[in-house]
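Beneath this line is the structure, given in structure tokens, with notes to follow.
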Amino acid sequence: MSEIDDLKKLLHYHNHRYYVLDDPEISDGEYDSLFNKLLTLEQRDPSLITPDSPTQRVGAKTSEKFKKVEHRKRMLSLSNAMNVDELRQFDSRIKKDLNIIDSDLEYIVEPKLDGFSVEAVYENNVFVLGSTRGDGNVGEDITNNLKTVRSIPLSLPNILFTPLEVRGEVVMEKKEFEELNLMRENLGEQLFANPRNSAAGSIRQLDPKITASRKLKAYFYGLGITVNKSFKTQEDILTYINNSGFKITEFKKCRDIEEVIKECKRLENLRNDFMFEIDGTVVKVNDLSKQNALGERSRSPRWAIAYKFTPQEATTRIVNIVLQVGRTGVVTPVAVLEPVNISGVEVRRATLHNIDEILKKDIRIGDTVIIHRAGDVIPKIIKVVLSIRTGDEKQFKMPKNCPVCDSKIVRVEDESAYRCLNIRCPSVIKEKIKHFVSRRAMNIEGLGDKLVEQMVDNKIIKDFSDIYTLTIEKIKTLERSGDKSSANLLNAIKSSKEQDLQRLVYGLGIRHIGETISKSLVNVYKDISLFENANKDDLTKIKDIGNEAADSIISFFSNKQNLEVISQMQKAGVKMCMETTGGEGLLQGKRFAFTGTLSLFSRVLARDTVEDLGGITVSSVSKNLDFLVAGDQPGSKFKIAEKLGIKIINEDKFKELVQL
DNA sequence: TAGCCTCGAGTTCA
DNA sequence: CTCGAGGCTA
């Protein structure tokens, strides 16, 4: 056998290890050197180049449009089940059609990839044709582009039958998609709305070089025409496809429809853990003879159904853009949306962050937009659907004055935010007070957002100190404040006077000073009066305090009004010094993070427990972490911790550790 | 000075 | 949760 053939075999093998099994045996460098060796040999005698050679993945640009390709067997789509009931209906309908009365029907459940459907045809072992689904009958010839997808084998190890037609989905992994969009953003190019569009756009490129650069993956799930009759089940087919060198997704064989439902729910919960987008599951009757008996409708088979996850993406219209003024005076534009249901909640508003964001995405009032709720909860506007623009949309301009107090708003150099600098701005006052009374600061229960707003509007309070001069008469002038609730509120205010100093310092809302720095500050300056004399040198010696934070502290404590408010609070009996703490704790200096649902502790209790014992709690995992406490259904932190070799403990272990 | 880590700040709905 | 930026470290 020639050296060229050996090299090709070797490269195919290592390509498969790398791109299909994700388990390379040799380094990238070694692969490249084998590849270059083959390239040299082929260049010496180009007549030896075969179409399945690894050097032929990226072909020449096709100038004309894609050629049409007729599918020998129609590529169908799937009917949808929008909920669990529709899955059960599907099951009973099939059983009726098959005359199955008192027995169960076996199904295969696979994740449904949100990508681009393709077919790859192999003749005598060699990849000869790649096509899109098109309308199901006729697709487009994308052979050259599919060849660039490294997880698709160019030749197969052994022939079971020929031709072999495999069907699957080309996807772009989420990470890849984000990187691509980031790059396009830097180049000022139009962004892709989601990984599916991105995969579709990449596969329909006339220049295979572009497709090759997109790092697409392909997963296969079925066959086209099948001359071979040895397959009995869908499971056989998946196993065969996989053994022939294709990537397949995980799948599960289910005894009955209830197990199918369980599996669908499981995958739905895990959807964010997949590297690629999945928008549902595909449920197929496992037995091929039963599939045949059921047959197909005009556009979809009767033996399969797609179970759709509750969507995390939706289209809606921007009714208006309004402005919010936060506690730091930042003026934030917020889109008011036509209410739309995404993953079970009605979304009406979405932040637009700042004017740069609006201009970058070219968002206008009246635009139709795609909004998204990923693993998190916060809706995000992904992009404007430009194709439905009527021309009646209104561009949004930042006003010159604060929408609340009408004073001039300014944009600090190099910042995208506009700020209202009026310290008497009612909105700023309200937000500052809400922050002061919030759970993590002074924790005054019963003083919620609505009440604070009323109090400021009615001029009952104008700064923190006024909270401590409230009387039952004043509170009762407000809506929905009776004897009982007013008394409760006064009690809560009274007990807040004893809060730790660090909570007070945090509650003051000094720029750049959050919970952590408040704590470090309080450890050094144990009495509020000492803060006034703090100098920059001393401050910057404290961990995490640099130039900006130090300046911010000094400027806060040299402001007369601030000092006046503090002194008023002191007169009202608010504790202004730190209690001496009793020595070293059990967990002194140990860093903890939590993930998943805890059952023995609430998050707050777990946090307080650690901190009472001198430990530190953090919200993200890094190599400095000492313990990750994992509850039920841990999130991404779990994987990161595993990778970094962080000690992961369960709740029971944690309980032992804190000796409760 | 670059790159990593952490902290702060803003954010939606039930 | 996520982003941006301040601060720390090599």
Side-chain angles (χ1 to χ4, degrees), chain A residues 174-175 178 181-182 185 272 310 312 314 316 322-337 339-354 356-357 360 371-382 412-419 427-428 430-432 434-436 438 440-441 448-450 502 505-521 536 539-553 556 591-596 603 616-625 634-637 640-641 644 646:
Chain A
K174 289 184 260 188
K175 212 176 111 222
E178 273 147 29
N181 256 358
L182 199 68
E185 192 183 321
N272 293 316
T310 50
Q312 294 182 327
T316 186
V322 297
L323 294 156
Q324 265 175 205
V325 183
R327 77 179 158 93
T328 58
V330 173
V331 182
T332 313
V334 176
V336 179
L337 307 167
V340 63
N341 198 297
I342 320 178
S343 32
V345 293
E346 283 241 311
V347 174
R348 303 147 195 282
R349 296 158 72 85
T351 177
L352 298 167
H353 298 106
N354 53 57
D356 291 347
E357 183 84 359
K360 198 173 76 196
I371 51 177
H372 180 76
R373 284 179 71 192
D376 58 342
V377 202
I378 318 270
K380 187 179 167 186
I381 294 184
I382 301 296
V412 183
E413 215 165 326
D414 294 333
E415 268 191 80
S416 43
Y418 279 81
R419 290 194 136 88
S427 186
V428 174
K430 284 175 192 169
E431 296 304 317
K432 272 189 194 286
K434 285 180 199 170
H435 172 73
F436 184 82
S438 70
R440 291 175 161 296
D449 288 2
K450 282 271 140 34
Q502 79 215 24
V505 172
Y506 171 58
L508 293 175
I510 307 165
R511 265 249 270 171
H512 301 121
I513 309 304
E515 279 180 290
T516 313
I517 297 186
S518 297
K519 201 176 277 182
S520 337
L521 275 171
K536 198 161 170 176
L539 285 169
T540 47
K541 276 192 196 109
I542 300 172
K543 188 169 171 300
D544 290 335
I545 298 183
N547 236 337
E548 303 285 326
D551 283 345
S552 173
I553 293 164
F556 185 92
R591 302 172 77 88
F592 283 78
F594 301 92
T595 183
R603 278 286 172 109
I616 301 161
T617 56
V618 295
S619 59
S620 63
V621 176
S622 71
K623 63 177 195 294
N624 302 322
L625 191 69
S636 56
K637 285 179 212 165
I640 301 169
L644 295 172
I646 306 288

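Chain A is the first sequence line, chain B the second, and so forth, proteins listed ahead of strands; every chain is numbered from 1.
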> For T516(A) and dG8(B), is the shortest distance between a side-chain N/O and OP1 or OP2 below 4.0 Å?
Replying inline: yes
> Separation of I381(A) atom CD1 from dT12(B) atom P, in whole Å?
Replying inline: 10 Å
> Counting side-chain heavy atoms from CB outward, which of dA9(B), dA14(B), dG7(C) is closest to A549(A)?
Replying inline: dG7(C)
> Taking for each residue the nucleotide of DNA chain B with the nearest heavy atom, is it V347(A) or T328(A) whose nucleotide lies nearer the 5' end?
Replying inline: T328(A)
> Roughly how many Å is it from NE2 in H372(A) to P in dT2(C), rounded to a whole number?
Replying inline: 10 Å
>> Please report the distance, rounded to the nearest Å, between CG in L625(A) and C1' in dC7(B).
In response: 16 Å
>> Nearest to the N547(A) side chain among dG10(B), dT12(B), dG7(C), which nucleotide is it?
In response: dG7(C)
>> As an exercise, state the distance from CD1 of I553(A) to CG of L539(A), rounded to the nearest 0.5 Å.
In response: 5.0 Å
>> What's the closest nucleotide to the side chain of R349(A) if the choices are dC13(B), dC7(B), dA9(B)?
In response: dC13(B)
>> Tell me the interatomic distance from Y506(A), atom OH, to dC7(B), atom P, rounded to whole angstroms.
In response: 13 Å
> Can you tell me how far CG of L508(A) sits from CZ of F436(A), rounded to the nearest 0.5 angstrom?
Replying inline: 6.5 Å
> Distance check: side-chain N/O of R511(A) vs OP1/OP2 of dG8(B), anything under 4.0 Å?
Replying inline: no
> Looking at V347(A), T351(A), T316(A), which one forms a side-chain contact (heavy atoms from CB on, under 4.5 Å) with P379(A)?
Replying inline: V347(A)
> Between I542(A) (CD1) and dC8(C) (C1'), how many Å, whole number?
Replying inline: 15 Å
> Whole Å only: how far is the CD1 atom of I545(A) from the C1' atom of dC7(B)?
Replying inline: 12 Å
> Under a 4.0 Å N-O cut-off, is there an ion pair linking E357(A) with K360(A)?
Replying inline: yes
>> Can you tell me which nucleotide in dA9(B), dG7(C), dT6(B) comes closest to the side chain of R327(A)?
In response: dA9(B)
>> Assuming nearest nucleotide by heavy-atom distance, tell me which of D544(A) and V330(A) is located more 5' along DNA chain B.
In response: D544(A)
>> In whole Å, I'd like the distance from the CD1 atom of I342(A) to the C1' atom of dC13(B).
In response: 12 Å
> OP1 or OP2 of dT11(B) sitting under 4.0 Å from any side-chain N/O of T351(A)?
Replying inline: yes
